[in-house]
Number of protein chains: 4
Amino acid sequence: MPRGGRPREERVDAAILSATRDLLAEGGYAGLTVAAVAARAGIGKAAIYRRHATKQEMVFAAAVHGLDLEPPPDQGSLRAELGWLTGVIAETLSGPAVAGALGGLLTDMNDDAVVSRMRETFVAHQRTHVIAVLDRAVTRGELAARPDPAVVHALLLGPIFAWLFVLREPGDVRGFAEALAGMAAAALTGG
Amino acid sequence: MPRGGRPREERVDAAILSATRDLLAEGGYAGLTVAAVAARAGIGKAAIYRRHATKQEMVFAAAVHGLDLEPPPDQGSLRAELGWLTGVIAETLSGPAVAGALGGLLTDMNDDAVVSRMRETFVAHQRTHVIAVLDRAVTRGELAARPDPAVVHALLLGPIFAWLFVLREPGDVRGFAEALAGMAAAALTGG
Amino acid sequence: MPRGGRPREERVDAAILSATRDLLAEGGYAGLTVAAVAARAGIGKAAIYRRHATKQEMVFAAAVHGLDLEPPPDQGSLRAELGWLTGVIAETLSGPAVAGALGGLLTDMNDDAVVSRMRETFVAHQRTHVIAVLDRAVTRGELAARPDPAVVHALLLGPIFAWLFVLREPGDVRGFAEALAGMAAAALTGG
Amino acid sequence: MPRGGRPREERVDAAILSATRDLLAEGGYAGLTVAAVAARAGIGKAAIYRRHATKQEMVFAAAVHGLDLEPPPDQGSLRAELGWLTGVIAETLSGPAVAGALGGLLTDMNDDAVVSRMRETFVAHQRTHVIAVLDRAVTRGELAARPDPAVVHALLLGPIFAWLFVLREPGDVRGFAEALAGMAAAALTGG
DNA sequence: GTGTAACCGAGACGGTACGTCCTGTCTTGCC
DNA sequence: GGCAAGACAGGACGTACCGTCTCGGTTACAC
């Protein structure tokens, strides 16, 4: 499509995302200004809006993008694979940028197109891995039938989310994630 | 201390909270204006700021206040009591005002005093009931020892929260809450 | 008219006017608030509005009222009487309360009833004395016919007003008033 | 210093001042709203505050700016030149925008920087012309020595100011200005 | 080479919400 | 009924931010 013109500088893309992550960690979603991101990145506001339609999209790109989990390796048992999943989710959500951004994204996502992007990227990606783990458990014979992946996803993601953002328990997230995996395995096999 | 002066009108308190809930349900947290609340309530902005230091505090008061759950009646079994708890939580979170407000509150709650209020009111209240249910299960002999209430709270609240606000599954929340109770019971007794 | 009830306390009347004059001298008309007057006077706002319909009326009463000049004694010559007039006007206008209030009163007086009160009290009173002085000069034979009193009034009041409020010359007002009287006498007799 | 950035649009400067003058003429200083100026000018409030620090500065710029008198031509006699000066001053002060603004400016000018601007622009400009006229009169031999320009300035400006804003005489301002010039000439030469 | 088109930093633009302040009225309980 | 205290409706102020647009100038690809 673009027949001519100067190509975009990758340096600018990176500077935007980096500055956004910095400022998210410093002041959270509220208190994040597009002008501040531009200033911190040493660029102009137009360069941001050339890449991200709204502030939300920019934050989404900075905080959520690149959270792609590598496909989960077969760990030999449902219990171990759930532990791997909850561990990855906990690691994903506990970064400073994500911590600052997620609440804000949920806010402004009421009507926007950001919500669908969020679902497509963040949710769908994790969902794929949940399905893979469940299917392997069925193959192994640990589960008689594959449960609803959405339910299992909520069961894994939800407690970690609540732990971090609603209850804000100061304790160790990794330990909680591990305990959660045990309880989830018991619920799925014993329930 | 204030010995004289005109007392505040309860009518105004109620009108503020009612208008806030209406507008939250209509347009969500974003799109909620203090001026619009004042206009809808038929009052002046000063009357709002006399009661709530910021917009966030007002929304918190409107959406979270009055979510007091009545103490959970003894349902005879852990499974039944967990069903009662998840049902109440699901009902609490799925109201239109809460739905519109919670994300917004999480956003602006990074540094504010709102976060502590949230914890004291919303979280602590539910926690009390969680503890009561667990203690009764121990008395009944369904549980050998009382698990960490914070963990159980996260296990119950988290999936519902995720279901509603992160995954945004369109399906029946009550059904999900009931299934969640079954899985939680299995996890606690069988794990 | 007042058939029953507690009579107004004169103490309050005085406290209002005194506090108003103090605050006018301190912060000028802008920066004067009714609440501040009430606080300074140790009274309530209602007590002010029971006596003065608007803030402007209160300021008017505090700054302009009581500026009644005693009738000008016959000084023996037009020149001396003009000196007496300009001296009194200068003294009247150079008080700290008047200085702070006059500009503000001129502002808000565009549509109000304050303007007519201003004219009736402040202007008409001075005008009477101008007329008396001019008539005596005619009787003495210093003037062939009585000039338009409004013109003479403007000729005497205007330069002092400008000196104080527009040009804001730091110099001695009394000296200027005296020089003005001399020039006015020359203009009236020699013109 | 500002090497880059979008330059300010002169159209906006002009629209602000024009709208301010219109609204001053319509509703006076009281009743003038920054928001109303912005709406009338078809611009945003920020564009106003980028140019004028306060509402007062904006009004000052709109009402007082551009009142530059052209240098007074030699009219051949002190009497004629004073008539020219008083005529210009009367014309300047009797415009609708100035009429609405001046009182308001005097009000808020008690502590502000507006007062110095006023002096530098409005007062100093007229003073220059007063000095020129007096010097020519000395050269012509009409005056033995140059009187204090501040005194003469007050003598010319003051009565017109009082006539318009304090006494609010409904009569012809131009006629009064002409009469004033005659009296001033008599005072200066005969006194 | 030389166009041309899109890029770049900087910052002004229209619009809108915020939280503060002030006015003039009203409402308590006390005197 | 007056009084101190202070809440009430309404509305302007000045600040801050968003997403768009406009400058002067730069940089790569196509001709």
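Chain letters run A, B, ... following the sequence lines, proteins first and then strands; every chain starts at 1.
Judged by atom type and distance alone, B:K45 does not reach the base of F:dG10 through any side-chain donor-acceptor pair under 3.5 Å. With hydrogens and angles ignored, no donor-acceptor pair under 3.5 angstrom links the side chain of D:R6 to the base of E:dC13.
Look at OH on A:Y29: it is 13 Å from P on F:dC17, rounded to the nearest Å. Between the CE atom of C:M58 and the P atom of E:dC22 there is a distance of 13 Å, given to the nearest Å. Rounded to an integer number of Å, the gap from A:Y49 OH to F:dC21 C1' is 13 Å. Counting to the nearest Å, the P atom of F:dT15 and the NE2 atom of D:H52 are 14 Å from each other.
Of the residues in residues 33-43 of chain B, B:T33, B:V34, B:A35 come within less than 4.0 Å of DNA chain E through at least one heavy atom, sorted by number. Non-hydrogen atoms lying under 4.0 Å from DNA chain E are contributed by B:P7, all within residues 7-21 of chain B.
Among the atoms of the strands shown, none is found under 4.0 Å from any heavy atom of C:I48. Residue-level contact check: C:K55 touches the backbone only, with heavy atoms under 4.0 Å from sugar-phosphate atoms and none from bases.
Every residue two or more places apart in sequence or in another chain that forms a side-chain hydrogen bond (donor to acceptor under 3.5 Å, both in side chains) with D:R51 is listed here: D:D13. Under the side-chain hydrogen bond (donor to acceptor under 3.5 Å, both in side chains) criterion, D:R11 pairs with D:E9, sequence neighbours left out. Under the side-chain hydrogen bond (donor to acceptor under 3.5 Å, both in side chains) criterion, A:R40 pairs with A:E26, sequence neighbours left out.
Atoms CG and CZ, from A:L93 and A:F122 in turn, are 5.0 Å apart once rounded to the nearest 0.5 Å.
Looking only at atom types and distance, the side chain of B:E57 has no donor-acceptor partner in the side chain of B:Y49 under 3.5 Å away.
Looking at which nucleotide of DNA chain F each of B:R51 and D:L32 is closest to, the 5′-most match is held by B:R51.
Put simply, C:R50 has no side-chain N or O that comes within less than 4.0 Å of OP1 or OP2 on E:dT25.
Remark: B:K55 is positioned above the aromatic ring of B:Y29, its terminal NZ or CZ atom under 6.0 angstrom from the ring centre and at most 45 degrees off the axis.
In terms of heavy atoms, C:A47 sits closest to C:V12 at CB-CG1, 4.0 Å. D:A41 and D:A15 get closest at one heavy-atom pair: CB-O, 3.6 Å.
The side chain of C:A46 sits closest to F:dA5 out of F:dT20, F:dA5, F:dC13.
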Determine all donor-acceptor pairs shorter than 3.5 Å in which one atom belongs to a side chain in residues 16-25 of chain C; sequence neighbours excluded.
{"unit_1": "C:T20", "atom_1": "OG1", "unit_2": "C:I16", "atom_2": "O", "d": "2.8"}
{"unit_1": "C:R21", "atom_1": "NH1", "unit_2": "C:A62", "atom_2": "O", "d": "2.6"}

